[in-house]
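Since the structure is predicted, the reported quantities are computational estimates derived from the model, not experimental observations. Side chains are part of it too, since the values below use all heavy atoms of this structure and drop only hydrogens, waters and symmetry mates. Every chain is numbered from 1 and lettered A, B, ... according to where its sequence line falls, protein lines coming before strand lines.
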There are 2 protein chains.
Amino acid sequence: MTDVNNTQTVSQFPCDNCLRSGRCLGSVVVKAGADHQRASEVTVVQLQRGQPLFRTGDAANAVYVVQSGALKARRTSYEGDEEILAFRLPGDAIGLDALGQRMQNTEAVALCSTRVCRVPLEALHRELRSSPEVSEMLFDDVGREFERLHEHLQTERRPAQARIAAFLLAQLKRRQRLFGAQIDRFTLPMTRVDLGRYLALATETVSRMFTRLQQDGVISCDGNAVQVLKATALEAMAGAGAEERAPALAKAA
Amino acid sequence: MTDVNNTQTVSQFPCDNCLRSGRCLGSVVVKAGADHQRASEVTVVQLQRGQPLFRTGDAANAVYVVQSGALKARRTSYEGDEEILAFRLPGDAIGLDALGQRMQNTEAVALCSTRVCRVPLEALHRELRSSPEVSEMLFDDVGREFERLHEHLQTERRPAQARIAAFLLAQLKRRQRLFGAQIDRFTLPMTRVDLGRYLALATETVSRMFTRLQQDGVISCDGNAVQVLKATALEAMAGAGAEERAPALAKAA
DNA sequence: CGTAATTTTGATGGTCATCAATGTAAGTGG
DNA sequence: CCACTTACATTGATGACCATCAAAATTACG
């Protein structure tokens, strides 16, 4: 089955094969519906890299949950270039910002091969009234997203190096939670350009910061494959400002 | 009656004397409760200038709606100084970002004498299931707040002058909606310091921008009383970048 | 294997934070 | 009511951080 956007609807049983099953908005809605003998209207959408889940102006008639893969939430700035509001990883909800709006104000684009759960607003509204678990999960997601935006605002007010450090740390922790293990390496699904557009930095600055982090032995990376060597150093950089960055050339004169 | 925070609970009939009655989350919850013969748990809180509605770490057991006055939503940065996430005017919801969280991550402080409607989360959850109007109003508020944050992120990526222009325009439109009239003058409830902490600008920069706007005849202001003389010029500045700011000294060499 | 996209590195300049000082308003207590 | 304190606002001088421009190097891909 193929819809307008040329995306693929995959399965009637959205939670089959999904690792997030039971811990996401989609599955809670599915369960609430099943408890009342209602057929699930939740479907799975498969996207290829670069393919949009929805575009600005599309009718906002569903929210989504990432099953696997990654997406970026984008928006077009006054100057006409892309601004990235968020990267979405498995478990993340998409489209909560369109609650109460008629149209999407943002665009969601897959960064790689990606599976997404589609929860129609109609179903969400209905099951919201039928089961308190739904509203709890929804509130959780909404609260988390607000919290993330607030953190992001703070991050953007800090020097470039701190922004990158904070971003890498967030990614690291996110993966650790996702896999439930103490990993120290991962592959970034986004390009340096995307990263710049997310952190409000020029691509060149992003690149320079990566270079510096490697020189300082804080990370090691090959392309988008990153290994965190000194997590504590990253935390220090993310927390501290520029003041205590390079004690090296301090008194070199 | 006085609670822990030394705030005052005013009336058993929260919507009496409130101009937002019927058009806010609070009144919808009150109505939904009344329709089911439930006593309203919605109360009105009176705050003086500088007084907090809640603090970081407080139990997040209610959301609020501004009846009159103004507040700022603040947070403490890594460096320990204040960061302002939002200013709240009559009709605005407060504390939506704490949905799904146990504690408040932000602090809400009155900028002047202010009345706020307090809606316990318990009541919200209950009426959410009893009446679709509640969820619709809640979704509206949530969506609007996301939208505002997204706009704010964009604004912070623009030059200082554009940020101030965008802010003034937003204030202007907000007041016009509030009063339902084409006003061109209003009094800002916040100081230049607050403004800087909201727009991520040094106080000095804020001041300089106000000075420049007056010199250019775009606004006229006496302290916090602002009159917008050329709204279109403001829009141009808010939209455009720094490139086309001063056509004056362009070819003066 | 050639074209395009992305990444990296260097040089330069602009915007705005910072430091410093003065001016103004607001509030306090004698 | 007036000195005094404290907060807020304005204006100027200086420099840091990072965007921008330019170009080379690497990677991706048809």
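- Summarising the geometry, the separation between CG on A/Asp194 and P on C/dT7 is reported as 8 Å, rounded to the nearest angstrom.
- Atom pair B/Ile164:CD1 and D/dA9:P shows a separation of 12 Å (rounding to whole Å applied).
- Atom CG of B/Leu111 is separated from atom P of D/dC8 by 11 Å (rounded to the nearest Å).
- Side-chain N/O atoms of B/Thr211 include one lying less than 4.0 angstrom from OP1 or OP2 on D/dT11.
- Checked for salt-bridge contact, A/Arg144 and A/Asp141 meet the test: a charged N lies under 4.0 Å from a carboxylate O.
- Of the listed nucleotides (D/dC18, C/dT6, D/dA9), D/dA9 has the atom at the smallest distance from the side chain of B/Thr191.
- Taking every side-chain heavy atom of B/Ala160 into account, C/dC16 is the closest of C/dC16, C/dA17, C/dT7.
- Between the CZ atom of A/Phe210 and the P atom of D/dT26 there is a distance of 19 Å, rounded to whole Å.
- Taking 4.0 angstrom as the limit, B/Arg208 places none of its side-chain polar atoms (N or O) nearer than this to OP1 or OP2 of D/dT10.
- When the side-chain nitrogen and oxygen atoms of A/Thr205 are compared with OP1 and OP2 of D/dA19, one or more of them lie within a distance under 4.0 Å.
- In the displayed structure, B/Asp222 atom CG is contacted under 6.0 Å by at most 12 heavy atoms of other residues, nucleotides or ligands.
- Remark: the B/Arg212 side chain and the D/dT10 base include no donor-acceptor N/O pair separated by less than 3.5 Å.
- A/Val206 comes within 4.0 angstrom of no nucleic acid atom, judged by non-hydrogen atoms across all strands.
- B/Arg75 has no carboxylate O lying under 4.0 Å from a charged side-chain N of B/Glu82, or vice versa, which leaves the two without a salt bridge.
- If you take CG of A/Asn224 and P of C/dT6, they are 12 Å apart, rounded to a whole angstrom.
- Rounded to an integer number of Å, the gap from B/Glu156 CD to D/dA19 P is 15 Å.
- Minimum atom distance to the side chain of A/Thr203 is reached by C/dT8, of the listed C/dT8, D/dC8, D/dT10.
- The side chain of B/Ala202 has C/dA17 as its nearest neighbour among C/dT7, C/dA17, C/dC16.
- Distance A/Arg157 CZ to D/dC18 P: 16 Å, rounded to the nearest Å.
- Listed candidates were D/dC18, C/dT7, C/dC16. Nearest to the side chain of A/Arg192 is C/dT7.
- Look at CE on B/Met209: it is 14 Å from C1' on D/dG12, rounded to the nearest Å.
- Salt-bridge check for B/Glu83 with B/Arg197: failed, with every basic side-chain N at 4.0 Å or more from each acidic carboxylate O.
- One donor-acceptor pair, N or O on each side, does fall under 3.5 Å between the base of D/dC21 and the side chain of A/Glu204.
- Classification of A/Lys230 and A/Glu235 as a salt-bridged pair fails, no side-chain N sitting under 4.0 Å from a carboxylate O.
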